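Working notes for the structure below.
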Amino acid sequence: MSAPVKLLLVVAAALVDSDGRVLMAQRPEGKALAGLWEFPGGKVEPGERPEETLIRELAEELGITVKEPCLAPLTFASHAYPDFHLLMPLYICRRWEGIPQSREAQALRWVRPGALRDLPMPPADLPLIPFLIDLLGP
Ligand code: 9L3
Ligand code: MG
């Protein structure tokens, strides 16, 4: 038998603007994977439903209000890190209240799906790019 693995559930969002661009956030200094560009989101805390987590994280990180019906599941990432296995549902969101702003010192960028490959991203996020290109075009 192989060693037991710790499963980590993280939820992430592709916020899509009216031009079909996706909001990417750069992980700040001091965090794991600092400097890499990711889909915003975070860990599901005990007792939370994933959609609640995502709504909370988007409020904390970006200062926007998202209603649950505006979150549509798109795909998920399943990625082995050395010390845990990450399972990360990705939701599409096209509607929110407020203007996304950096609330946690992270840089933000709106990026065309076809240009996502040019950003250094966490390895878990990379396989999500083709799904966004399929949905939104390059
Ligand atoms: N992670 C990867 N891609 C993402 C997100 C939101 C998170 N789009 C990974 C990085 C960390 C773990 O999930 O290893 C937990 O994220 P955080 O709580 O450190 O932001
Ligand atoms: Mg986060």
Side-chain angles (χ1 to χ4, degrees):
M1 279 246 295
S2 49
V5 70
K6 185 178 173 305
L7 189 62
L8 182 69
L9 183 58
V10 171
V11 284
L15 294 172
V16 180
D17 74 3
S18 53
D19 291 330
R21 297 176 306 173
V22 176
L23 187 68
M24 301 300 292
Q26 191 177 33
R27 294 180 63 86
E29 286 309 314
K31 272 198 164 187
L33 308 169
L36 301 185
W37 293 84
E38 66 177 11
F39 299 99
K43 294 184 190 101
V44 177
E45 301 291 348
E48 275 184 334
R49 290 181 301 108
E51 293 79 10
E52 290 175 331
T53 302
L54 195 50
I55 289 168
R56 174 180 57 72
E57 290 279 346
L58 294 172
E60 289 172 0
E61 295 182 357
L62 303 171
I64 59 171
T65 304
V66 174
K67 296 204 171 77
E68 194 161 328
C70 299
L71 292 174
L74 178 65
T75 183
F76 66 93
S78 178
H79 183 83
Y81 282 97
D83 43 347
F84 60 92
H85 192 95
L86 178 74
L87 196 62
M88 187 171 75
L90 179 72
Y91 292 79
I92 288 282
C93 177
R94 297 178 186 260
R95 191 172 298 187
W96 56 85
E97 285 164 32
I99 296 168
Q101 283 174 331
S102 172
R103 290 283 170 95
E104 295 184 344
Q106 75 283 38
L108 301 177
R109 275 175 72 170
W110 290 99
V111 184
R112 300 222 155 274
L116 286 170
R117 290 238 175 264
D118 301 335
L119 290 182
M121 284 170 75
D125 295 54
L126 284 172
L128 302 173
I129 296 174
F131 292 89
L132 290 166
I133 293 175
D134 276 357
L135 183 75
L136 303 168

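Remember, it's a predicted structure, so these values are computed and weren't measured experimentally.
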message: Let me check something: do Phe39 and Val11 share a hydrophobic cluster, defined by ILVMFWY side-chain heavy atoms less than 4.5 Å apart, either directly or through other members?
response: no
message: Around atom CZ of Arg95, are there more than 12 heavy atoms from other residues, nucleotides or ligands closer than 6.0 Å?
response: no
field: Least distance between heavy atoms, Glu29 atom then Ala34 atom
entry: CA-CB, 3.9 Å
task: Step through the shown structure and confirm whether more than 12 heavy atoms of other residues, nucleotides or ligands are within 6.0 Å of CG on Leu7.
output: yes
query: Under a 4.5 Å cut-off applied to non-hydrogen side-chain atoms, are Arg21 and Arg112 in contact?
result: yes
message: Working to the nearest 0.5 angstrom, can you tell me the gap between Asp17 CG and Trp110 CH2?
response: 5.0 Å
- line: Of all heavy-atom pairs linking Pro138 and Ile133, the shortest is N-CG2, 4.2 Å
query: In terms of hydrophobic clustering (I, L, V, M, F, W, Y; side-chain heavy atoms under 4.5 Å; direct or indirect links), are Leu15 and Leu132 co-clustered?
result: no
Cluster overlap Leu54 with Leu135, hydrophobic side-chain contacts below 4.5 Å: no
message: Show, in sequence, the C-alpha distance, side-chain angles and deciding distance for Leu23 and Leu62, and conclude whether the side-chain contact (heavy atoms from CB on, under 4.5 Å) test is met.
response: CA-CA 10 Å; Leu23 187 68; Leu62 303 171; 3.8 Å; yes
task: Determine whether more than 12 heavy atoms belonging to other residues, nucleotides or ligands lie under 6.0 Å from atom OH of Tyr81.
output: yes
message: When you group the ILVMFWY residues by side-chain heavy-atom contacts below 4.5 Å and let the links chain together, are Leu33 and Leu128 in the same group?
response: yes
- prompt: What's the spacing between Leu86 CG and Leu9 CG if we round to 0.5 Å?
  reply: 8.5 Å
field: Flag side-chain contact, heavy atom, 4.5 Å: Ser78 against His85
entry: yes
statement: Looking only at heavy atoms, the pair that brings Glu48 and Thr53 closest together is OE1-OG1, 2.6 Å
message: Would a single hydrophobic cluster contain both Val111 and Leu90, if residues Ile, Leu, Val, Met, Phe, Trp and Tyr are joined by side-chain heavy-atom contacts under 4.5 Å?
response: yes
query: With a 4.5 Å limit on heavy-atom distance, are the side chains of Pro130 and Arg117 in contact?
result: yes
- prompt: Could you walk me through whether Arg109 and Gln26 pass the side-chain contact (heavy atoms from CB on, under 4.5 Å) check?
  reply: CA-CA 8 Å; Arg109 275 175 72 170; Gln26 191 177 33; over 6 Å; no
- request: Could you go through the side-chain contact (heavy atoms from CB on, under 4.5 Å) check for Val44 and Glu52 one step at a time?
  value: CA-CA 9 Å; Val44 177; Glu52 290 175 331; over 6 Å; no
message: Could you measure the distance from the CD atom of Glu38 to the CD atom of Gln106? Nearest 0.5 Å is fine.
response: 8.5 Å
task: Would you give the length of the straight line joining atom OG1 of Thr75 to atom CD1 of Ile129, rounded to the nearest 0.5 angstrom?
output: 12.5 Å
task: Quick one: closest heavy-atom pair of Ala124 and His79, and the distance?
output: CB-CB, 3.7 Å
field: Gap between atom CD1 of Ile99 and atom CG of Leu108 - 0.5 Å precision
entry: 12.5 Å
message: Return the CE to CG distance between Met88 and Asp125, rounded to the nearest 0.5 Å.
response: 4.0 Å
- request: Indicate the atoms forming the closest heavy-atom contact of Pro50 with Tyr91, along with that distance.
  value: CB-OH, 3.9 Å
- request: Check Pro28 against Ala105 and note the closest heavy-atom contact, atom names and distance.
  value: CB-O, 4.1 Å
- request: Report the C-alpha separation of Leu8 and Lys43 in whole Å, then their side-chain angles, then the decisive distance to 0.1 Å, and conclude whether the side-chain contact (heavy atoms from CB on, under 4.5 Å) test is met.
  value: CA-CA 8 Å; Leu8 182 69; Lys43 294 184 190 101; 4.0 Å; yes
